[in-house]
Amino acid sequence: MRTGAIPGSSGRVRPLRLLGDPHLAAPCAEVTEFGFELARLVEDMYATMYASGGVGLAANQIGVPLRVFVYDCPDDEDRRHLGHLVNPRLVHADGLIFRGPEGCLSLPGIEAGTPRFDRAVVEGVSMDGGPLRVEGSGFFARCLLHECDHLDGKLFTDRLEGRRQRRALRAAARAPWATGSGA
């Protein structure tokens with residue numbers, strides 16, 4: 001039984017940054033101040049992720065260049081993983097590399113087979129500063145790797161090569177939300 005508020009229930013949905021926005025291409029800064037503002041950011045990120053139908057969201061996707069991400073993502077056994085990480089660092093990625101379907105809230109409607117390791121370990125802290133270690137496999141590992149990439153200024157399209165990358169970027173350039181820059 002859950003105690004406490006549902007993540008995002010008191011948050012404000014913020015506008016998403018889309019492909020071509022400079023916030024998405026720059027590495028994010030470490031969080032140095034913990035308190036109300038960080039807690040509000042995490043709550044807003046959950047609200048935005050849920051409103052957008054995502055399974056993860058990095059702070060720079062809403063224009064905040066800080067190393068924070070939230071997730072509510074199943075693994076391949078359909079176990080739910082819910083949480084957030086502040087100042088996350090990918091400490092280990094291994095296993096088989098699978099080319100699975102991947103999309104992004106910053107490229108709505110665009111999806112491509114993206115190679116990712118099947119296992120990932122990420123360490124960081126909670127919004128209260130307590131240490132966290134998150135291990136994921138399958139689809140959840142893909143989510144963790146995807147969000148860590150965001151915080152380093154990378155999109156899933158940066159992991160694509162050749163025809164797959166060209167196809168995804170062409171589709172983004174033709175998308176109704178395209179700004180004409182970056183795609």
Side-chain angles (χ1 to χ4, degrees), residues 7-8 10-73 82-90 93 101-112 114 116 120 122-127 129 132 134 142-161 164-183:
S10 67
R12 166 176 70 92
V13 175
R14 297 195 196 186
L16 288 168
R17 302 299 174 112
L18 303 175
L19 179 67
D21 188 293
H23 281 93
L24 298 174
C28 295
E30 294 279 324
V31 172
T32 57
E33 294 185 28
F34 294 77
F36 177 78
E37 291 301 318
L38 179 59
R40 170 61 47 206
L41 172 63
V42 169
E43 188 70 6
D44 288 355
M45 289 173 65
Y46 276 119
T48 304
M49 177 184 70
Y50 289 137
S52 303
V55 296
L57 183 75
N60 58 344
Q61 290 182 272
I62 58 169
V64 179
L66 293 175
R67 293 191 68 82
V68 181
F69 71 76
V70 299
Y71 57 88
D72 188 348
C73 183
L82 172 67
H84 70 278
L85 280 163
V86 177
N87 296 334
R89 293 284 177 222
L90 177 64
E102 194 164 326
C104 181
L105 295 176
S106 292
L107 288 90
I110 308 301
E111 190 176 274
T114 306
R116 296 278 187 189
V122 180
E123 293 179 347
V125 297
S126 69
M127 68 178 121
L132 292 173
V134 180
R142 181 174 294 279
C143 174
L144 293 172
L145 293 166
H146 180 105
E147 300 311 328
C148 284
D149 273 358
H150 269 303
L151 300 180
D152 291 334
K154 295 179 181 165
L155 296 170
F156 81 93
T157 52
D158 296 321
R159 297 267 176 203
L160 303 174
E161 295 179 349
R164 287 182 202 281
Q165 186 180 55
R166 288 189 302 275
R167 195 177 316 144
L169 293 177
R170 263 196 315 273
R174 291 190 304 263
W177 49 263
T179 63
S181 65

Using the side-chain contact (heavy atoms from CB on, under 4.5 Å) criterion, which residues pair with [X]? Sequence neighbours excluded.
X: R40; value: S10, F36, E43, D44
X: Q165; value: L160, L169
X: A93; value: L90, F117, L145

Return the minimal non-hydrogen interatomic distance between [X] and [Y], and the atom names on each side.
X: I110; Y: A168; result: CG2-O, 3.9 Å
X: C73; Y: C143; result: SG-CB, 3.6 Å
X: L155; Y: C104; result: CD2-SG, 4.5 Å
X: A172; Y: L107; result: CB-CD2, 4.4 Å
X: L144; Y: A120; result: CD1-O, 4.2 Å

Applying side chain to side chain donor-acceptor pair (under 3.5 Å), name anything that partners R89, two or more places apart in sequence or on another chain.
E30
Residues forming a side chain to side chain donor-acceptor pair (under 3.5 Å) with E111, sequence neighbours excluded:
none
Validation row: [X], [Y] side chains within 4.5 angstrom (heavy atoms):
X: P7; Y: D72; result: no
X: P108; Y: L18; result: yes
X: C148; Y: F69; result: yes
X: L38; Y: V68; result: yes
X: L82; Y: Y46; result: yes

Going by side chain to side chain donor-acceptor pair (under 3.5 Å), name the pairs with one or both residues in residues 151-160, residues two or more places apart or in two chains.
R67-D152, D149-R159
Return the set of residues passing ring-ring contact (aromatic ring centres under 6.0 Å, His included) with F156 (not counting sequence neighbours), or none when no residue passes.
none
Please tabulate, one pair per line, all N/O donor-acceptor pairs under 3.5 Å involving side-chain atoms of residues 55-64, not counting sequence neighbours.
{"residue": "N60", "atom": "ND2", "partner": "H23", "partner atom": "O", "Å": "3.3"}
{"residue": "N60", "atom": "ND2", "partner": "H150", "partner atom": "O", "Å": "2.9"}
{"residue": "Q61", "atom": "OE1", "partner": "A58", "partner atom": "N", "Å": "2.9"}
{"residue": "Q61", "atom": "NE2", "partner": "S106", "partner atom": "OG", "Å": "3.0"}

To the closest 0.5 Å, what do you measure between [atom1] ([X]) and [atom2] ([Y])?
X: L41; Y: R12; atom1: CG; atom2: CZ; answer: 10.0 Å
X: T114; Y: R142; atom1: OG1; atom2: CZ; answer: 6.0 Å
X: H146; Y: E102; atom1: NE2; atom2: CD; answer: 5.5 Å
X: L151; Y: L85; atom1: CG; atom2: CG; answer: 9.5 Å
X: N87; Y: L132; atom1: CG; atom2: CG; answer: 11.0 Å

Residues forming a salt bridge (charged side-chain N to carboxylate O under 4.0 Å, His left out) with E147, sequence neighbours excluded
none
